Amino acid sequence: LLLWFSSIGFSYLMLDIKTEPLLLTGLLIGYPSLVGFIQKANYQNTVIASIGIAIGLMSKGPITIVVLGALLLPYLVKNIKTQLHVYWILLIGLVLLFLSPMLYGLYQQFDLYPEKIVNAKTQVSGLRFYFWEQSFGRITGENSWKNEHDPFFLVHSLALFSIPFIHYALVGIYQFFRCKSNRDILSISMMCGIIIPITLLSTSHYQLPHYAFVSLPWFFYFAVIRYESIKQLKWLNYINYFFCVTLTGISMALIYLCFYDIAFSNQLLSIVLLASGFYLMLSLKHSLYQLATASMILFSILILTVGSLFSQYQPGNNIKDLVDRNQINSKTELFFYNRVSDSAEFHLGHRIPIASYEEIIHTSDSNTYKWYYMANDALQMFQDQKRNINHIDSLNFYDVNRIKLKFIFRDQRKQLLETRYVVQVGCGE
């Protein structure tokens, strides 16, 4: 837990609202229960395992089965003769029971509206879309999302997220392959949980850094399992000191670069945290604890500086302020067009419907006003058509899934921002 909560991966995960925490929760509940289920099936293991699987499937889809299957592969091979029992039927039945509200919701959302356009297609099955096209479809090319990263993109991401403890994990993995006695069934299971999912996901036509989280807990396992046998190695301590100095230097640089762009309370807290970090690191004698302290201080300062900057360029808060300022009834007068925002729905406390082109044209010719959230290309199209646009609010947007270093530099930040608009359309009374 110390390694996880003080890793770069945890910092990255906390900068945005993602489904990975739910996925990891499902995996960490499901994995030990499924191991017990395979070794000795009983009602307790069956129920807990089904809950873990259902949580993972609801949060991130079938990648849950891929990861759990990879982790369980050594246990299934070892216990293959004892696998045919009635508890498998109970397990599958419980998973389907727990998933039933989501499955029904997918049916209502997609199958009842065959005219709905999804990735330029109509008559899309909700179950197929969620369990195939949104996951394996990115591997087969059926999904429209593509960024064509190199095959080692997720390996780089996994290495980045494990900083500053990557050297412990690498030593553990080296010892796993070097000495046969280190290859117990649990370690083999962890290795399968790293290699198989990362290899499969690396064939995807669309990859984002957080995909690597499915293997991060098992990667950290190798950092922990051999810790006692390697903690006295001097060169590891030297690497710890190097990371301590580097992370502290980054913390100071973030405060300096973001100081005038963040609130006074964040400025003050950042300075207090940095001073406290210095004191703790000088007080602690063990280099691993010093490293964890430096990393957690950096994480906290990252939230106070870069995280604060991110929030300034997310539509959620800005749309909520705009709704309050213009006294818009967000339940009946606000719509998404060709862009959506989960954060806006979160801050407003309800879902925002997506309008079609025809609905906007109808509003433009009617005696009512409505507001639409859209991108620049859509606004330009409606202006070219001379539609009745009465008011335009522009919002600067930055995609936190594609973080770039130059975002923290004030003079270069504008180059990375995309402009979104909230547009009032209609003739009025």
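Computed from a prediction, not measured in an experiment: that's the story for all the values here.
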Say whether, by atom type as modelled, one donor and one acceptor occur between the side chain of [X] and the main chain of [Y] under 3.5 angstrom.
| X | Y | answer |
| --- | --- | --- |
| S364 | N388 | yes |
| S202 | P151 | yes |
| E133 | R128 | no |
| Q312 | D261 | yes |
| T203 | L200 | yes |
| N326 | I328 | no |
| S295 | L291 | no |
| E345 | I352 | yes |
| Q314 | Y398 | yes |
| N266 | L304 | yes |

Over 12 non-hydrogen atoms of neighbours within 6.0 angstrom of [atom1] in [X]:
| X | atom1 | result |
| --- | --- | --- |
| K414 | NZ | no |
| F136 | CZ | yes |
| Q327 | CD | no |
| R325 | CZ | yes |
| M252 | CE | no |
| H347 | NE2 | yes |

side-chain contact (heavy atoms from CB on, under 4.5 Å) evaluation trace for I319 with V323: CA-CA 6 Å; I319 290 179; V323 165; 4.2 Å; yes
Least distance between heavy atoms, I198 atom then S215 atom: CG1-OG, 3.4 Å
Check against side-chain contact (heavy atoms from CB on, under 4.5 Å), I92 and I89: CA-CA 5 Å; I92 295 170; I89 299 174; over 6 Å; no
Within the 3.5 Å criterion, strictly below it, is a donor on [X] or [Y] matched to an acceptor on the partner's side chain?
| X | Y | value |
| --- | --- | --- |
| Q109 | Y113 | no |
| N376 | T419 | no |
| Q380 | D384 | yes |
| R420 | Y373 | yes |
| Y211 | S204 | no |

Out of curiosity, [X] [atom1] to [Y] [atom2], how far, rounded to the nearest 0.5 Å?
| X | Y | atom1 | atom2 | answer |
| --- | --- | --- | --- | --- |
| K320 | F346 | NZ | CZ | 12.0 Å |
| L23 | I63 | CG | CD1 | 8.0 Å |
| K60 | I65 | NZ | CD1 | 15.5 Å |
| S276 | L269 | OG | CG | 10.0 Å |
| M190 | I225 | CE | CD1 | 9.5 Å |
| S157 | I8 | OG | CD1 | 13.0 Å |

Centroid separation H391 to Y369 less than 6.0 Å: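 When the ring centroids of H391 and Y369 are compared, they turn out to be at least 6.0 Å apart.
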Chi angles and distances behind the side chain to side chain donor-acceptor pair (under 3.5 Å) call for Y357, N338: CA-CA 9 Å; Y357 171 79; N338 64 339; over 6 Å; no
side-chain contact (heavy atoms from CB on, under 4.5 Å) assessment of I360 paired with R387: CA-CA 9 Å; I360 297 179; R387 298 297 172 186; over 6 Å; no
Intermediate values then yes/no, ring pair (Phe, Tyr, Trp, His ring centres under 6.0 Å), F407 and F310: CA-CA 9 Å; F407 175 79; F310 283 160; 5.1 Å; yes
Residue pairs, two or more places apart or on separate chains, that pass ring pair (Phe, Tyr, Trp, His ring centres under 6.0 Å) and touch residues 248-280: none
Which residues share a ring-ring contact (aromatic ring centres under 6.0 Å, His included) with Y337, sequence neighbours left out: F382
Criterion side-chain contact (heavy atoms from CB on, under 4.5 Å) on Q290 and N240, from CA distance to verdict: CA-CA 8 Å; Q290 292 172 333; N240 288 350; over 6 Å; no
Pair Y168-F220, ring pair (Phe, Tyr, Trp, His ring centres under 6.0 Å): steps then yes or no: CA-CA 8 Å; Y168 284 100; F220 276 143; over 10 Å; no
Parallel, tilted or perpendicular: ring planes of F176 versus F222, cut at 30 and 60 degrees: perpendicular
Parallel, tilted or perpendicular: rings of Y241 and Y238 (30°, 60°): tilted
side-chain contact (heavy atoms from CB on, under 4.5 Å) against M102, all qualifying residues, sequence neighbours excluded: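 M102 satisfies side-chain contact (heavy atoms from CB on, under 4.5 Å) with M58, L99, L106, Y130, F131 only.
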